[in-house]
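The next block holds one structure in the form of structure tokens; read it before the comments.
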Number of protein chains: 4
Amino acid sequence: MKKKDMSKQTKIQDAVAAIILTSGPAAVSTTKVAKQVGIAQSNVYLYFKNKQELIDSVYQREIAQIMGTTNLQLLTDQTIPIPKRIQYYIQQVYDYSLAHPDSLTLLQQIKSLKGQDLELLPGVNDPNNVVVQLLTSAIQAGVIKNLPVSLHMSLVFSIIHTHTSNLNAGRYLASAYSFADIYQLIWDGMKK
Amino acid sequence: MKKKDMSKQTKIQDAVAAIILTSGPAAVSTTKVAKQVGIAQSNVYLYFKNKQELIDSVYQREIAQIMGTTNLQLLTDQTIPIPKRIQYYIQQVYDYSLAHPDSLTLLQQIKSLKGQDLELLPGVNDPNNVVVQLLTSAIQAGVIKNLPVSLHMSLVFSIIHTHTSNLNAGRYLASAYSFADIYQLIWDGMKK
Amino acid sequence: MKKKDMSKQTKIQDAVAAIILTSGPAAVSTTKVAKQVGIAQSNVYLYFKNKQELIDSVYQREIAQIMGTTNLQLLTDQTIPIPKRIQYYIQQVYDYSLAHPDSLTLLQQIKSLKGQDLELLPGVNDPNNVVVQLLTSAIQAGVIKNLPVSLHMSLVFSIIHTHTSNLNAGRYLASAYSFADIYQLIWDGMKK
Amino acid sequence: MKKKDMSKQTKIQDAVAAIILTSGPAAVSTTKVAKQVGIAQSNVYLYFKNKQELIDSVYQREIAQIMGTTNLQLLTDQTIPIPKRIQYYIQQVYDYSLAHPDSLTLLQQIKSLKGQDLELLPGVNDPNNVVVQLLTSAIQAGVIKNLPVSLHMSLVFSIIHTHTSNLNAGRYLASAYSFADIYQLIWDGMKK
DNA sequence: TATGAATGAGTGTTCATTCAT
DNA sequence: AATGAATGAACACTCATTCAT
């Protein structure tokens, strides 16, 4: 039913994501995507201008999903102390990553396609970015270490991503480590 | 001069590394590699059985270089307290990464070629691996947190890699942060 | 005109057959085939999964044509005496071979591509094969010599094929020898 | 020991023959040949001007071997009656083919490389050819059917070749059929 | 005699993209 | 909205051949 309701556009994006996750980003081709969706190859171009836009859209969709799941108000609420807000942030990334175990991997894979290691998430350099603002304030307030924001964010993402990948690969059970355990490592690293 | 002395094999590997770093691992093709080296495309196959072996060799070369620069004795020397040995380890990764700013990126890119994010360094699952042993002992001794070794390693690599990439991209000066700063974040995260 | 009506698929197969007959099976390449048909090389893959399937299809087409021209009922009609049925069989091969002078050559050439000389026609080892059944019955009835069926079939095909090739090469006129002449040699060899 | 005494030239020819018999004539390449012999690829060109000459030499060598094993005097001895001489001829082909089970196959494969089905053996059109002379005389003497000599020769070769191939493929035991059985079929076909 | 390095042409195959229907 | 046919460019890889050593 859900499948039935899904637009072709979505189906195509799903196929791209699936191919990336199973065979790597270099394996994505309109041929394979179309075959997987069950449409003609040329059909892909009805929904996406070209391959790059298709892949970009998959990236954007993933970002949008993260943003949609994220409670930005919690992070900007000045009435909540900064450490608490950072904890919320970490928890949100953690929860999202567990709920969508392939999401971070997918983003990282797409990034690697083009070369050069870019920031793990968009907006790391965007001063308007909510998280960047939160962490910047935290540095100024002397709450977390005076290090580049990107280092703090990298800490959050790499630890959670590695943890999720481990779970995904069955290297240990989800019950083996709680959020508190993971959070402790991250926060100990960040905090001043 | 140096170029003159270099064997074709090395030149080819260099070209592969360069292409990966500038255009991503998917952009590597025997055609481009040969063109960059200034030889006929078929010539690549005189030195490498196939493309995969070529790329693998670039990976192995990078690993070998890291290993060559690493002082393993320091890490296994039982007379040195564990925290000190871990510090040596972090310092070695840090120094290497600064001296070879593309090395970690290169390794990460090659890994991502095939899909699925594997461990950043080989031997993470290899119990004989010196670093794995060191960290395992550290956990048993209650020196660092009781979390998967891969999480601790991921912490080390992602922080140092992000830092190096930032420097490489000119986001801030190398003098802006000392090793001590970086180390502090990592060690605070790890230590119990 | 006929060319206009022919599907691309057929044209491609025709080109393959032509190349095999003029330059041998090893000379078949998608490049040459496409050039001969007047299409892009990649176009071949719209109609055939790969080169092997293309060549196989040419083989199958030839077999199908033979089967289509063959009156199998005559060969299985138990009311007709076995020698007469064998004569019909020989006559059918003869007529077909004269009408399609390249057909047997084509089949033989394709067979030789892969190495080892296989049976000249498919189904020589297939006990369900009508001809095999006919000849087997003939042996049991003591009508033809008690020798492997493949020898009898080889006799039929090699004599007729050589004769047709001779005609094709203009070594003598078709009028020089009648079917009766050819048949006599074959039948004398087979019969007990 | 024998191998040690063999000249490189011979070893190369052997490799070509082996490749043809196992993988078909199209699979012959200087690369594979050299690898099989254990020499450098370029080395092949020390002994043969080019690939064609190499393959031709393998062909010639096979022919020469047949000729060497054949007792030509028996076939031209006018004191022996023609039917007896033809029987000797058939027996010689038979014996040779059993002793060198791949020889006829090899010759046929090489022929097929170039396209067009040529005569099965060289000299079929050469009036000086001993066998052609024998069969021509036989026709004139009214001993065998008045059909093209090539048909008679094709009869001999195809039957014996098919029989040998069957043995080679283990389709039946050599003891299952005697020379007399095979000879009977051939001679019944030829004789007037 | 023997080799390894070199190369240009060729192989089969896949690709992203376009276009008429 | 959807398709199939078409294509040129790229791909990895193999080849026959040459040449300096």
Side-chain angles (χ1 to χ4, degrees), chain A residues 7-9 11-12 19 26-35 37-55, chain B residues 7-9 11-12 26-35 37-55, chain C residues 7-9 11-12 16 26-35 37-55, chain D residues 7-9 11-12 16 19 26-35 37-55:
Chain A
S7 77
K8 282 271 167 67
Q9 200 147 347
K11 277 190 204 167
I12 293 172
I19 292 173
V28 176
S29 83
T30 57
T31 319
K32 283 180 202 148
V33 170
K35 200 167 288 170
V37 176
I39 57 174
Q41 191 195 163
S42 59
N43 225 322
V44 173
Y45 288 84
L46 287 178
Y47 300 97
F48 301 93
K49 217 189 82 195
N50 52 37
K51 193 189 165 190
Q52 194 49 56
E53 286 218 348
L54 165 56
I55 289 182
Chain B
S7 78
K8 283 269 166 68
Q9 199 148 341
K11 279 191 203 167
I12 293 172
V28 176
S29 83
T30 57
T31 318
K32 282 181 202 149
V33 169
K35 203 168 286 172
V37 178
I39 56 174
Q41 188 212 108
S42 57
N43 223 317
V44 173
Y45 290 86
L46 285 178
Y47 300 97
F48 300 94
K49 219 187 83 197
N50 51 40
K51 194 191 168 188
Q52 194 50 55
E53 285 216 351
L54 166 56
I55 291 181
Chain C
S7 78
K8 282 271 167 64
Q9 199 148 343
K11 278 191 205 168
I12 293 173
V16 170
V28 176
S29 83
T30 55
T31 319
K32 283 182 202 148
V33 169
K35 203 167 285 173
V37 177
I39 57 175
Q41 191 210 88
S42 58
N43 223 315
V44 173
Y45 289 86
L46 286 177
Y47 300 97
F48 300 94
K49 219 187 80 198
N50 52 38
K51 194 191 167 190
Q52 194 50 55
E53 284 216 352
L54 165 55
I55 290 182
Chain D
S7 76
K8 283 270 167 68
Q9 198 148 348
K11 278 190 203 166
I12 293 173
V16 170
I19 292 173
V28 177
S29 84
T30 56
T31 318
K32 284 180 202 147
V33 169
K35 200 168 288 169
V37 177
I39 57 175
Q41 191 194 164
S42 58
N43 225 321
V44 173
Y45 288 84
L46 288 178
Y47 300 97
F48 301 94
K49 218 187 81 196
N50 53 36
K51 193 188 166 191
Q52 194 50 57
E53 285 218 350
L54 165 56
I55 290 182

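Since we're looking at a predicted model, the values are computed, not measured. Proteins come first, then strands; the chains are lettered A, B, ... in the order of their sequence lines, and each starts at number 1.
- Atom CD1 in B/Ile39 sits about 12 Å away from atom P in E/dA5, given to the nearest Å.
- D/Ala26 approaches C/Ala26 most closely through the heavy-atom pair CB-CB, 3.9 Å.
- Residue B/Asn43 contributes atom CG, which lies 15 Å from atom C1' of F/dA12 at whole-angstrom precision.
- Taking atom NZ on A/Lys11 and atom P on F/dA1, their separation rounds to 15 Å, with Å as the unit.
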Tell me, what's DNA chain F's dot-bracket, Watson-Crick or G-U with both distances under 3.5 Å, | for other-strand, [ ] crossing? .||||||||||||||||||||
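- At whole-Å resolution of the value, NZ in D/Lys35 and C1' in E/dA2 are 18 Å apart.
- Contact detail for D/Val37 and D/Ile12: the closest heavy-atom pair is CG2-CA, 3.9 Å.
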Quick one, give me the B/S/- string for nucleotides 15-21 of chain F, reading 5' to 3', where B means a protein heavy atom under 4.0 Å from the base and S means that only happens at the primed atoms, P, OP1 or OP2. SBBBB--
Show me, pair by pair, the donor-acceptor contacts under 3.5 angstrom made by side chains of residues 42-50 of chain D, not counting sequence neighbours?
{"from": "D/Asn50", "atom 1": "OD1", "to": "D/Gln52", "atom 2": "N", "distance (Å)": "3.2"}
{"from": "D/Asn50", "atom 1": "OD1", "to": "D/Glu53", "atom 2": "N", "distance (Å)": "2.9"}

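- Using a 4.5 Å heavy-atom threshold, the side chains of C/Val28 and C/Lys51 count as touching.
- Rounded to the nearest 0.5 angstrom, D/Lys11 NZ and D/Lys8 NZ are separated by 6.0 Å.
- Spacing between atom CG of B/Leu46 and atom P of E/dA5 amounts to 7 Å, rounded to whole angstrom units.
- A/Gln41 contributes atom CD, which lies 7.0 Å from atom OG of A/Ser29 (distance to the nearest 0.5 angstrom).
- Put simply, CD1 on B/Ile12 is 15 Å from C1' on F/dA12, counting in whole angstrom units.
- Nucleotide E/dG12 holds its P atom 8 Å from the CD1 atom of C/Ile55, rounded to whole Å.
- Summarising the geometry, the separation between CZ on C/Phe48 and P on F/dG4 is reported as 17 Å, rounded to the nearest angstrom.
- For the OP1/OP2 pair of F/dA6 and a distance below 4.0 Å, the side-chain nitrogens and oxygens of C/Lys8 include at least one atom meeting the criterion.
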